[in-house]
Amino acid sequence: MRTHPRMALVVGVIAVAATVLAGCGGSSGNSKSTTGNTTTNATSGYDAASNKVINASTKQGGTMNLLAGGDCDSWDPQRTYYGWCWNMQRLFTRSLIGYSSVNGTKFTLAPDLATSMGTHNADFTQWSFTLKTGLKWSNGQPITPQDVQYGISRLWATDVINGGPASYFLTGIKSPPNYTGPYKMGVNNVGMTVTATTITFHLTGANADFDYLMAMAASAPVPDKTEGGPGFVGADYTKHPMASGPFEIQSYQPANQITFVRNPNWSQSTDTIHHPLADKIVLTIDTNPADIGQKLAAGTADGQTDKPVNPAFQAQILTSATLKKNADDPVSAFTQYLTVMPSVIPNLHCRLAVFYAVDKAGFLRAYGGPTAGQVASSMTPPGITGNDPTLVPYPSGSDNSGDVTKAKAELQQCGKPSGFSTKFAYSTPSPQAVLAFKAEQSALSRVGINITAAPQAQSSYYSSFIGSPRNIKAQGLGIALAGWGADFPTPVGFYQSITNGNAIVQTGNSNYPSLNDQVINKILDNGPSGVSTAADWHMLNVQLMTDAVYIPMYWGKNLYYRNPRLTNITTDNALAFGIYDWVNVGVGG
């Protein structure tokens with residue numbers, strides 16, 4: 001999934017254990033988790049929330065004040081693909097399956113709206129789920145299997161809504177070749193059948209990972225036909241999505257503020273995953289990163305939802321014992337990378353010149369140095385099958401600042417010995433992205449490759465800027481900054497949306513270079529049935545690097561800050577690279 005916009009989520013990635021730095025700050029006492037996460041005596045302190053629940057409490061009430069540097073790509077569960085937005089979906093949407101444990105290195109799937117995990121036939125081509133009784137929408141109407149069917153069928157209406165992880169569903173669930181979703185064709189033509197209590201999915205092939213798909217926000221139900229009520233249907237559903245979770249949206253001012261209050265028709269008796277404590281959660285959009293850091297330090301904000309702390313506040317945290325004991329730096333299996341677009345730079349050797357010339361060390365420094373992660377040599381991150389630290393197809397020099405000699409040799413082979421010019425795209429607001437652009441501008445200029453900045457607001461960066469193959473070519477976006485984490489903890493969950501040729505769409509595209517490599521496609525297509533082996537996933541990594549469209553810059557972790565008043569707080573490694581699991585956090589009443 002698209003990571004928080006400082007880069008370009010992880011649902012259920014198998015992350016390696018976070019390293020606690022020496023000299024960490026003091027503790028604020030011991031507590032025992034009372035949520036569905038780790039249930040050990042937890043000591044609050046630096047990085048404590050990365051694998052534990054700290055400051056356990058059952059006290060309800062109060063208002064949590066959160067900040068973000070920009071709005072969600074969409075609040076519509078079928079359209080969103082930002083990791084932090086998937087995390088926020090836990091406030092007000094539920095799906096058939098969910099994550100009962102989200103922190104540390106073990107992420108546990110569990111029934112949410114369903115009574116049990118999915119039941120399947122012998123070859124994993126048919127999956128059935130039975131809904132719990134007593135489920136209600138925030139307007140008091142019952143949640144039905146038809147609502148689940150309707151919500152998922154919306155993914156086929158790409159002319160009306162787009163941007164979410166649709167490729168898993170469009171290629172995995174049976175449907176007629178001309179099916180275009182419920183707005184024009186209803187729901188009867190797509191491969192889902194329902195009864196009064198059950199929904200059954202008919203798949204195009206074996207998929208042993210189907211429960212993971214049912215844990216995605218995109219699998220959330222949507223009220224059949226009525227959607228969000230009069231005036232909030234189709235593309236406008238994002239302005240007023242109906243709540244099935246413990247909170248509902250009280251008000252929403254796009255790019256300004258969204259307020260969540262308790263859903264009066266949600267019942268804890270039907271929900272073993274969400275354990276809300278706050279009465280109200282106010283998320284304010286603040287496009288000034290320095291202002292966000294100041295509010296977090298002053299305690300007037302409880303946390304930032306969309307990205308790690310900015311460089312200035314990070315420096316404060318790491319040099320202050322008081323601040324540091326309320327910070328966490330969890331490791332998550334994601335790769336921060338640059339996409340080099342074949343539609344703009346079609347010559348392989350010209351692309352390879354960029355591969356050799358980039359300054360990976362300077363790029364990592366722009367995001368915080370070792371606190372942000374480690375320089376990457378290939379695309380597959382630690383925690384995903386196929387990762388190989390010894391695979392270094394394009395060495396970037398002894399200090400990872402680039403290999404100028406090899407870059408110049410590639411320019412000779414591509415017929416551009418003096419270099420060339422192109423644009424470098426990144427999302428805003430992000431001081432890290434600006435610093436990363438400047439680092440690469442300096443590095444590439446050493447060999448005559450001149451890049452100019454092409455910034456775009458994070459709300460549209462991935463949906464219609466670099467998410468549109470036509471726009472990439474029309475704008476001449478030769479290089480784009482992005483990042484990716486697994487939608488669920490398998491190589492298919494990491495690679496399907498960004499490398500499979502069948503995932504290419506014209507808007508909301510996540511396969512930014514429009515890669516359509518038959519070797520990669522075959523490995524991914526065989527993945528859900530278990531045909532693809534560990535050797536195949538290593539081959540995919542090798543082949544992807546050979547195609548020279550993605551430059552892996554670093555494998556990451558992220559520094560976050562939590563207000564010390566917060567209770568029941570843990571990093572949500574399963575959904576958003578360690579951003580806190582806000583749905584279960586309290587403020588002490």
Side-chain angles (χ1 to χ4, degrees), residues 4-5 60-80 82 84-94 136-141 143 147 151 161 163-164 217 220-223 226-267 271 274 276-288 291-292 295-296 300-307 429 457-460 463 563 566 576 579-587 589:
H4 31 68
Q60 297 188 348
T63 299
M64 193 187 315
N65 297 300
L66 302 176
L67 300 172
D71 206 344
C72 271
D73 51 347
S74 178
W75 292 99
D76 183 331
Q78 271 80 45
R79 299 184 69 183
T80 182
Y82 282 161
W84 74 274
C85 297
W86 280 20
N87 194 27
M88 297 300 288
Q89 287 281 330
R90 278 169 67 87
L91 295 177
F92 67 98
T93 64
R94 296 172 65 185
K136 293 183 180 180
W137 290 105
S138 51
N139 64 1
Q141 295 298 309
I143 299 173
D147 295 332
I161 65 169
V222 172
T226 61
E227 300 198 8
F232 298 107
V233 176
D236 290 324
Y237 185 61
T238 185
K239 299 175 184 178
H240 192 264
M242 195 68 70
S244 54
F247 292 88
E248 63 178 344
I249 297 173
Q250 182 184 62
S251 62
Y252 175 42
Q253 303 169 45
N256 184 17
Q257 190 175 86
I258 186 167
T259 299
F260 302 90
V261 295
R262 295 296 287 271
N263 175 0
N265 286 298
W266 170 84
S267 173
D271 194 337
H274 310 92
L277 293 177
D279 286 337
K280 178 186 288 189
I281 299 176
V282 180
L283 172 64
T284 302
I285 309 303
D286 188 338
T287 58
N288 185 339
D291 188 45
I292 290 178
K295 290 176 179 177
L296 291 173
T300 57
D302 292 311
Q304 182 172 358
T305 62
D306 64 333
K307 61 185 73 174
Q458 68 179 49
S459 58
S460 58
S463 60
N563 192 321
L566 298 178
I579 298 175
Y580 301 109
D581 186 26
W582 300 115
V583 68
N584 292 324
V585 174
V587 293

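Values in this document were obtained by computation on a predicted structure and should not be read as measured data.
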S.K.: Scan side-chain atoms only and decide if Asp71 and Tyr252 contain a donor-acceptor pair under the 3.5 Å cut-off.
M.R.: yes
S.K.: Determine whether the side chains of Trp137 and Asn263 contain a donor N or O and an acceptor N or O closer than 3.5 Å.
M.R.: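 There is no such pair between these side chains.
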S.K.: Is there a side-chain contact between Ser244 and Lys136, using heavy atoms and a 4.5 Å cut-off?
M.R.: no
S.K.: If the threshold is 4.0 Å, N to carboxylate O, is there a salt bridge linking Asp581 and Arg90?
M.R.: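 A salt bridge is present here (some side-chain N lies under 4.0 Å from a carboxylate O).
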S.K.: For Gln304 and Asp306, test the side chains for any donor-to-acceptor distance below 3.5 angstrom and give the result as yes or no.
M.R.: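 Yes, side-chain donor-acceptor contact under 3.5 Å.
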S.K.: Tell me yes or no: between the side chains of Gln250 and Thr259, is some donor less than 3.5 Å from an acceptor?
M.R.: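 Short answer, no.
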S.K.: Taking all non-hydrogen atoms of both residues, which atom of Ser74 and which atom of Gln89 are closest, and how far apart?
M.R.: O-NE2, 4.5 Å
S.K.: Which pair of non-hydrogen atoms, one from Ser138 and one from Asn265, has the smallest distance, and what is that distance?
M.R.: O-ND2, 3.0 Å
S.K.: Judged by modelled atom types alone, do Thr80 and Asp73 share a side-chain donor-acceptor pair under 3.5 Å?
M.R.: yes
S.K.: Are Asp286 and Lys295 packed together at the side-chain level, in the sense that at least one heavy-atom pair is separated by less than 4.5 angstrom?
M.R.: yes
S.K.: Please examine the side chains of Val222 and Met242, heavy atoms only from C-beta on, and report whether any two atoms are closer than 4.5 Å.
M.R.: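 With C-beta onward as the side chain, the pair stays apart.
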S.K.: For Asp76, is there an ion pair with Lys239 - N to carboxylate O distance below 4.0 angstrom?
M.R.: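 Answer for the salt bridge query: no.
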